[in-house]
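Below: one structure, written as C-alpha cells.
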Amino acid sequence: MPAVKKGCGMFNVTIIGAGVIGLAVAEELSSHVSNILVVEKNHTIGQETSSRHSGVIHAGIYYPVGFSKARLCREGNRLLYEFCRKRNIPHRRLGKLIVATDDDEADELWKISNQAAENGVTDLSFLSQRQIRSCEPEVRATAALFSPSTGIIDSHSLMRSFYINAESNGAIVVFNSEVTQVRLESGHYEVEINNGEHRCQTRLVVNYAGLHSDKIAALVGINIDEVPYRLKYCKGTYFSVSPSPRLNHLVYPVAHAEKEGLGIHVTVDLGDRIRFGPDTEYVRRLEYTVDERKREQFYQSVGTYLPGIQRESLHPEMSGIRPKLQGPGEQYRDFVIKEERHLGYPGFINLIGIESPGLTASIAIARHVKSLAGKYLSA
Ligand SMILES: Cc1cc2nc3c(=O)[nH]c(=O)nc-3n(C[C@H](O)[C@H](O)[C@H](O)COP(=O)(O)OP(=O)(O)OC[C@H]3O[C@@H](n4cnc5c(N)ncnc54)[C@H](O)[C@@H]3O)c2cc1C
C-alpha cells in the first residue's frame, strides 16, 4: 500500500471513503483524470455499509417519481449487469416476487406496478396463483408481481474490481487514514489525515464517507442542520434460516415507497443461502449486534407468506445501518449528490444519504459525479 507523505503535494481529486461508491467513482474518474487520492480510515476496502447489505441488484420499482434514486437505480441496474458480464463479477439475475396475502395487498400490487411503470420499469408481470405455486411452492400468496430484472451480486468482487482498476489507472488508495479536517484555502482544499499526521492539497474533494458523510460536510464548514444533511441511523437486522425453505427467487411482501423499508423479505445469496431481513429500527449509535429477541417478529412477518417456516429455524445473522436523511415518520428524502459551490464550497462534492439502492446505482452515481467533477476540473 502506498503511503501518503506528510506534506503530500497537490492532488486533482481526493475521494474520502473506499466503500462501493467511493471505489466506483475512483475507477470512473481515474480513467479520465490523473492524480487521484482515495483516503480510507479502515484497514481495507468496504468494511462498513458496503459489506452489510442484502446484495440485491434492484430494478427501481418503488421510488417516488422524479427522484434521482429512481433514475440512478434504473440506469445503475443496466450498467451493473453489463459490468458484471464484462468483468466476470459473480451475479445472478434470478428475479423477485412481490407477494400479496390478501385482497388489500393485491390492490397494492397494482399501485406498485403503476409506480414502477412511471419510473420506467416496464418489465413487471402479474402471476396467477397457479403460476405462484408452480414457481415457488412454499410461498402462500393470493397474487404476485414478478420483477425479472432484480438480481443478486457478489459486492466484494465488485469492489475489488473497482479498486484494482482505479489503482492500475494510477489512483492512490491509502488505508488506516482518517480524514480529520478539511479546509478551503485559496483555490484548493487542504485535507488533514489522522489529526495532522499528513496534510494534502487537492482541487476537488469528493465526500463518500457513508455513515460519516454528514460529519465530513460539517468539517469543511457546512451547517448540516440548516441544509439539512444530518444523518439518522436506521439499523437493518438479518436472520439466517436453517433448515432452509427451497426458494428460487427473492420474495418480498408488499411495501410502499414512503415507508422506511421494503418489509422483512427473503434474500438469497450466490451460495443459495437464504436470509430474512432487513427490518428497520432507528438507532442512536453505530453498533451492529443482533438482538435475538427479534426472532418472534421475524417469524411472524415472514410466516404470513412462508407458512412452513419453523420459529426455531431462525438464527441471528448480521446487521447493517442505513445512512438516512429522514428520521422516523419524516418525509422521504432523495440522495444528496451535489457540488457545493452555492454554499461557498466550489469543488466540494457531497454524497449524503446514500442508502439503498446505492449498491445497484454505484456505476450510475459514479458517472453522474464524473459529470459534476468534469465541469469543475475543466473550469
Ligand atoms: C441493511 C442494508 C441493506 C442494503 N441492501 C441493499 C441492496 O440490496 N441493494 C442496494 O443496491 N443497496 C443496498 N443497501 C445500500 C448500500 O449498501 C449502500 O448504498 C452502499 O453500500 C453505500 O456505499 P458507500 O460507499 O456510500 O458507503 P460505505 O460502504 O459506508 O463507505 C464509506 C467509507 O467511508 C469511510 N470513511 C468514513 N469516514 C471517513 C473518514 N473521516 N476518513 C476516511 N474514511 C472515512 C468508511 O470507513 C467507509 O469505508 C443496503 C444498505 C443497508 C444498510
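Each residue takes its place number in the sequence, starting with 1. The basis for the numbers below is simple: all heavy atoms, side chains too, and nothing from hydrogens, waters or symmetry mates. Counting convention: from 1, in listed order, for ligands and their atoms alike.
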Using a strict 4.0 Å cut-off to heavy atoms of [X], name the atoms of ligand 1 that fall inside it.
X	answer
Val39	43 (C), 44 (N)
Gly358	11 (O), 12 (N), 19 (O)
Gly210	27 (O), 30 (O), 32 (C)
Asn42	47 (O)
His212	37 (C), 38 (N)
Arg52	1 (C), 2 (C), 52 (C), 53 (C)
Ser177	42 (N), 43 (C)

Practice problem: Identify, with sequence neighbours excluded, every residue that meets side-chain contact (heavy atoms from CB on, under 4.5 Å) alongside Glu339. | Solution: Arg341, Pro346, Ile349, Tyr376
Self-check item: Closest approach of any protein heavy atom to atom 41 (N) of ligand 1, naming residue and atom
Solution: Val179 O, 3.1 Å
Self-check item: Side chain to side chain, Thr14 and Val182, heavy atoms closer than 4.5 Å
Solution: no
Quiz item: Taking the six-membered ring for Trp, are Phe298 and Phe239 parallel (under 30°), tilted (30 to 60°) or perpendicular (over 60°)?
Solution: tilted
Quiz item: Under 30°, 30 to 60°, or over 60°: which ring-plane class applies to Phe83 and Phe162, parallel, tilted or perpendicular?
Solution: tilted
Exercise. Would you mind telling me if ligand 1 is within reach of the side chain of His58, the backbone, both or neither, using heavy atoms under 4.0 Å?
Key: side chain
Quiz prompt | Glu48 with Arg52: basic N within carboxylate O range, under 4.0 Å | solution = no
Practice problem: Decide, yes or no, whether a salt bridge links Glu312 with Arg295 under the criterion of side-chain N to carboxylate O below 4.0 Å. | Solution: no
Quiz item: Out of curiosity, is Gly55 lining ligand 1, as in a heavy atom under 4.0 Å away?
Solution: yes
Practice problem: Check whether any heavy atom of Ser155 sits under 4.0 Å from an atom of ligand 1. | Solution: no
Quiz item: What residues form a ring pair (Phe, Tyr, Trp, His ring centres under 6.0 Å) with Tyr189, not counting sequence neighbours?
Solution: Phe348
Practice problem: Would you check the N or O atoms of Ser50, main chain and side chain alike, for any that come under 3.5 Å of an N or O of ligand 1? | Solution: yes
